[in-house]
Amino acid sequence: MQNLEPSVKSRRPVQLLEAERPDRMEEACGVFAVLAAEQPVANLAYFGLYALQHRGQESAGIAVFNEGNVCLHKDMGLVSQVFDQDVLARMPGDLAIGHNRYSTTGSSRVCNAQPVVLMTRLGAFALAHNGNLVNAAELRRAVDDGQVEFTSTTDSELIAFAIQQAVERGLDWSLAISAALELCRGAFSLVIGTPIGLFAVRDGHGIRPLVFGRLGDPEFGHWVVSSESCGLEIIGAQYVDDVLPGELVLFQEGSQEPSRRRWTEQPNRLCVFEMIYFSRPDSRFFGESLYSYRQRIGQTLARESAVDADLVIGVPDSGIPAAIGFSQVSGIPYADGLIKNRYVGRTFIQPTQAMREAGIRVKLNPLPDVLSGKRIVVIDDSIVRGTTSRKLVVALREAGATEVHMRISSPPVTHPCFYGIDTDTQDQLIAARLTLKEIEEQLKVDSLAYLSKEGMVEAAKADSGHFCTACFDGDYPIPMDQEVLSSKLMLEPSGIAAG
Ligand code: SF4
């Protein structure tokens with residue numbers, strides 16, 4: 001195994017102070033893989049990861065398989081910071097596994113960047129993971145045979161060790177991966193590069209998305225797997241299907257069709273927040289773009305919570321399709337009232353309180369020409385702690401808005417996520433602590449309304465039971481270890497519906 005280690009620099013781990021924590025639900029990771037002989041697979045993976053950059057901005061990595069060797073390059077930063085043409089040119093091969101990371105289990109440092117690459121008696125393999133295990137401590141005890149040298153603090157490395165140990169016990173790749181999956185509980189969409197081909201796996205509930213497609217002519221047998229369909233489109237691959245919940249798929253070079261089998265059967269529970277906010281609006285779920293879904297939930301919101309106003313604006317980017325939908329049904333004109341700076345990453349140096357008071361607005365800037373003298377309806381995708389929403393309302397009033405009516409295109413977030421989304425503890429979630437009236441007062445809005453849970457689910461072109469909605473209702477589809485539960489559930493440490 002060759003490792004391009006010179007690129008891996010020692011850097012201080014990024015630990016966010018409480019005051020610096022983002023006041024949003026934050027995505028966990030993006031995974032991407034391409035199997036295509038005689039193609040520049042590292043470059044293709046680079047573009048795939050670039051399309052998935054919104055899913056994680058802390059680190060990026062690509063592992064390339066070339067005649068039995070694996071070349072790995074990963075580092076902290078955006079895809080465009082970690083890779084350049086020189087690095088990619090030193091990574092020829094026919095199978096690439098790629099990963100963008102946002103830390104959920106394990107802190108933000110380069111040892112926790114992915115893919116994870118391990119050696120076995122059958123050769124090396126590379127694994128990239130989107131999601132979060134809820135039994136990581138149990139899995140660590142299961143794989144820690146006293147000889148394992150953990151190099152990271154991630155649950156993804158534990159999955160890789162479980163596969164490695166199953167191979168060393170004499171199982172083939174397919175059986176070894178199945179055996180390892182039996183030990184895992186939680187959310188996981190995985191791409192795994194091996195000497196016999198590319199495996200793609202989703203957990204039994206399919207909490208995180210994963211799709212696959214063909215690259216080029218079907219007779220080439222070139223395959224691409226991506227967290228979202230936007231990763232296929234950027235390299236011109238044709239969407240074929242979702243990796244189904246509980247499915248293990250093997251793609252082999254030159255093969256016209258993948259080999260597909262269910263390794264477990266459980267009810268579908270796709271994360272509904274993928275639809276509302278996390279995934280890109282041009283990614284397709286249930287046969288349509290999320291832009292269409294988000295527009296529809298805005299229409300539903302207008303029917304459920306009408307208001308008399310002059311203008312509808314959306315909080316960029318995910319609030320905009322819902323704001324357009326709200327405008328279509330309410331008849332209130334839509335306008336761009338907020339301009340977003342897209343280049344603010346998590347490690348961006350935050351302005352001091354004094355600078356903020358002096359008017360520095362790093363992420364969003366309101367347009368007084370549009371807002372002055374108007375009664376505004378502002379549409380956002382969610383409220384987590386409420387601090388950002390409160391600042392937004394102040395900024396809109398300073399820009400001249402005479403009334404501010406806030407409409408949220410999801411129900412109140414009352415429970416934390418354990419399945420790969422970074423949320424605060426429950427006592428930090430504003431809707432878990434306060435009534436609607438109290439939130440209205442705290443945000444200083446003229447009125448506030450949320451989308452109903454029924455409206456959110458019915459707008460999707462899927463069965464109503466298809467989704468995980470636990471952060472809105474506490475109905476967690478996967479039972480969690482007590483130590484995991486107590487890490488985030490401050491208000492109701494027991495009695496959570498699980499299972
Ligand atoms: S708890 Fe919420 S954010 Fe987490 S998977 Fe379920 S719906 Fe998604």
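For ligands, and for the atoms within them, numbers begin at 1 and follow the listed sequence.
- Checking Ser382, Cys468, Cys271 against atom 6 (Fe) of ligand 1, the nearest heavy atom belongs to Cys468.
- Residue Phe47 qualifies as open at atom CZ: its count of foreign heavy atoms under 6.0 Å is 12 or below.
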- Message: Using the rule given for ring pair (Phe, Tyr, Trp, His ring centres under 6.0 Å), can you reason through Phe278 versus His54, listing the C-alpha separation, both sets of side-chain angles and the distance that settles it, and then say yes or no?
- Response: CA-CA 8 Å; Phe278 299 137; His54 60 287; 9.7 Å; no
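- Every heavy atom of His205 sits 4.0 Å or more from the atoms of ligand 1.
- Less than 4.0 angstrom separates some heavy atom of Ile421 from each of these atoms of ligand 1: 3 (S).
- A distance-only check finds a donor-acceptor pair linking the side chain of His205 to the backbone of Pro267 [under 3.5 Å].
- If you look at Tyr293 and Phe286, their ring centroids are not closer than 6.0 Å.
- For residue Cys471, an N/O/S atom approaches atom 2 (Fe) of ligand 1 to within less than 2.8 Å.
- Using a cut-off of 4.0 Å between Lys/Arg side-chain N and Asp/Glu carboxylate O, Glu228 and Arg280 are scored as not salt-bridged.
- Each of the atoms 5 (S) of ligand 1 lies under 4.0 Å from some heavy atom of Arg208.
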